[in-house]
Amino acid sequence: MQISLESPAQPDVIQLIDDLDAYQKPLYPPESHHGIDIAALSAPNVLFAVARDGEGKAVGCGAIVVGPEFGELKRMFVRPENRGQGIAARVLNFLESEAAAKGCTTFMLETGPSQPEAIALYARSGYQPRGPFGSYGPDPFSVFMQKARA
């Protein structure tokens with residue numbers, strides 16, 4: 001397994017993001033879907049990581065949008081057939097380390113209540129529940145979490 005910062009604008013990574021959308025969009029109403037697109041993921045302040053298997057296939061991804069006050073975790077996804085191998089935790093740790101190297105000390109995220117596995121991963125990784133942040137408002141389809149870098 002290799003995890004590295006890569007451009008999201010690659011065919012296999014675009015497919016990974018499309019698969020993430022196909023998974024998430026049926027879970028929540030459109031106004032509660034807060035994914036960002038390839039253009040936003042390509043911004044200079046975004047760290048985008050791809051996990052590749054031994055054959056170079058993109059099996060997981062994630063991003064942190066590094067802002068002046070916090071980094072926001074976005075677009076975490078591992079292909080269903082690759083889950084249960086610790087890939088998401090490794091991508092998360094990689095992204096946090098990369099963001100910390102850029103001075104980021106606080107990480108935030110928004111996920112949804114229909115994704116208990118994601119919530120459990122974040123809780124195991126030290127994220128705590130919190131209220132809405134940034135431009136988010138209260139939403140029964142959103143779960144907000146935060147972690148301070150140790």
Side-chain angles (χ1 to χ4, degrees), residues 1-28 30 32-128 133-136 141-150:
M1 182 67 47
Q2 174 68 34
I3 301 171
S4 60
L5 294 177
E6 297 186 20
S7 167
Q10 304 175 68
D12 60 343
V13 177
I14 291 169
Q15 184 59 59
L16 200 62
I17 298 292
D18 288 346
D19 292 347
L20 168 59
D21 285 340
Y23 168 73
Q24 283 185 333
K25 285 186 177 179
L27 298 176
Y28 307 105
S32 296
H33 181 75
H34 302 288
I36 59 177
D37 63 17
I38 298 299
L41 289 170
S42 300
N45 67 319
V46 177
L47 303 170
F48 186 82
V50 178
R52 294 185 180 276
D53 65 15
E55 292 150 14
K57 179 182 177 187
V59 297
C61 65
I64 290 186
V65 178
V66 180
E69 297 176 22
F70 58 86
E72 182 180 0
L73 190 65
K74 300 295 282 183
R75 294 308 210 165
M76 285 287 296
F77 183 69
V78 174
R79 291 190 182 286
E81 63 269 23
N82 298 104
R83 293 181 185 159
Q85 302 172 36
I87 296 169
R90 289 181 58 197
V91 169
L92 180 59
N93 290 334
F94 177 85
L95 284 167
E96 289 174 352
S97 293
E98 291 289 323
K102 294 195 175 295
C104 189
T105 59
T106 303
F107 307 108
M108 310 248 197
L109 64 87
E110 181 275 338
T111 188
S114 296
Q115 295 170 270
E117 299 87 356
I119 295 168
L121 165 72
Y122 300 133
R124 284 192 308 273
S125 298
Y127 285 78
Q128 301 290 321
F133 61 92
S135 63
Y136 295 103
F141 295 102
S142 288
V143 173
F144 302 100
M145 302 179 86
Q146 174 178 337
K147 175 181 178 178
R149 179 78 175 172

- Could you give me the CA-CA distance, side-chain angles and deciding distance for Ile17 and Leu41, then say whether side chain to side chain contact (heavy atoms under 4.5 Å, CB included) is met? CA-CA 11 Å; Ile17 298 292; Leu41 289 170; 4.1 Å; yes
- How long is the gap from CZ on Arg79 to NZ on Lys57, to the nearest 0.5 Å? 5.0 Å
- Message: For Ala63 versus Val46, what's the shortest heavy-atom pair and its separation?
- Response: CB-CG1, 4.0 Å
- side chain to side chain contact (heavy atoms under 4.5 Å, CB included) between Asp19 and Gln15, worked out: CA-CA 6 Å; Asp19 292 347; Gln15 184 59 59; 2.7 Å; yes
- Message: I need the Ile64 CD1 to Met108 CE distance, nearest 0.5 Å.
- Response: 12.0 Å
- Query: Quick one: are Glu69 and Thr106 in side-chain contact, heavy atoms under 4.5 Å?
  - Reply: no
- With His34, which of Tyr136, Phe141, Tyr28 fulfils ring-ring contact (aromatic ring centres under 6.0 Å, His included)? Tyr136
- Between Ile119 and Met145, the two heavy atoms sitting closest are O-CE, 4.1 Å
- Item | Test side chain to side chain contact (heavy atoms under 4.5 Å, CB included) applied to Val78 and Val91, step by step | CA-CA 9 Å; Val78 174; Val91 169; 5.7 Å; no
- Closest approach of Gly112 and Val143, non-hydrogen atoms and distance? C-CG2, 4.0 Å
- Note on the structure: Ile87 and Ala51 have their tightest heavy-atom pair at CG2-CB, 3.8 Å
- Any luck finding a side-chain donor-acceptor pair between Tyr122 and Gln115 under 3.5 Å? no
- Query: So with a 6.0 Å cut-off around CD of Glu81, is the heavy-atom count from everything else above 12?
  - Reply: yes
- Distance, nearest 0.5 Å, that separates NZ of Lys74 from CG of Leu109: 9.5 Å
- Task: Compare every heavy atom of Gly62 with every heavy atom of Leu95, then report the nearest pair and how far apart it is.
- Result: CD1-C, 3.4 Å
- Note on the structure: CD of Gln85 to CG of Asp53, rounded to nearest 0.5 Å, is 9.0 Å
- Message: If I compare all heavy atoms of Pro113 with all of Pro116, which pair ends up nearest, and what's the gap?
- Response: O-CD, 4.0 Å
- Query: Backbone N or O of Phe107 within a donor-acceptor pair of the Arg149 side chain at under 3.5 Å?
  - Reply: no
- Task: Test Glu96 against Asn93 for side chain to side chain contact (heavy atoms under 4.5 Å, CB included), laying out the working first.
- Result: CA-CA 5 Å; Glu96 289 174 352; Asn93 290 334; 4.0 Å; yes
- Message: Tell me whether Asn45 contacts the main-chain N or O of Val66 through its side chain, where contact means a donor paired with an acceptor under 3.5 Å.
- Response: yes
- What is the distance from atom CD1 of Ile3 to atom CZ of Arg52, rounded to the nearest 0.5 Å? 12.0 Å
- Task: With rounding to the nearest 0.5 Å, note down the distance linking CD in Gln10 to CG in Leu16.
- Result: 10.5 Å
- Tell me, with the steps shown, if Asp21 and Arg75 meet salt bridge (charged side-chain N to carboxylate O under 4.0 Å, His left out). CA-CA 9 Å; Asp21 285 340; Arg75 294 308 210 165; 2.6 Å; yes
- Any ring pair (Phe, Tyr, Trp, His ring centres under 6.0 Å) pairs touching residues 42-100, not counting sequence neighbours? Phe70-Phe133
- Message: Once side chain to side chain donor-acceptor pair (under 3.5 Å) is applied, do any residues pair with Ser42, and if so which ones, sequence neighbours excluded?
- Response: none
- Check for a donor-acceptor pair, side chain of Lys147 on one end and backbone N or O of Ser125 on the other, with a separation under 3.5 Å. yes
- Task: Indicate yes or no: at least one non-hydrogen side-chain atom of Asp12 is less than 4.5 angstrom from one of Val50.
- Result: no
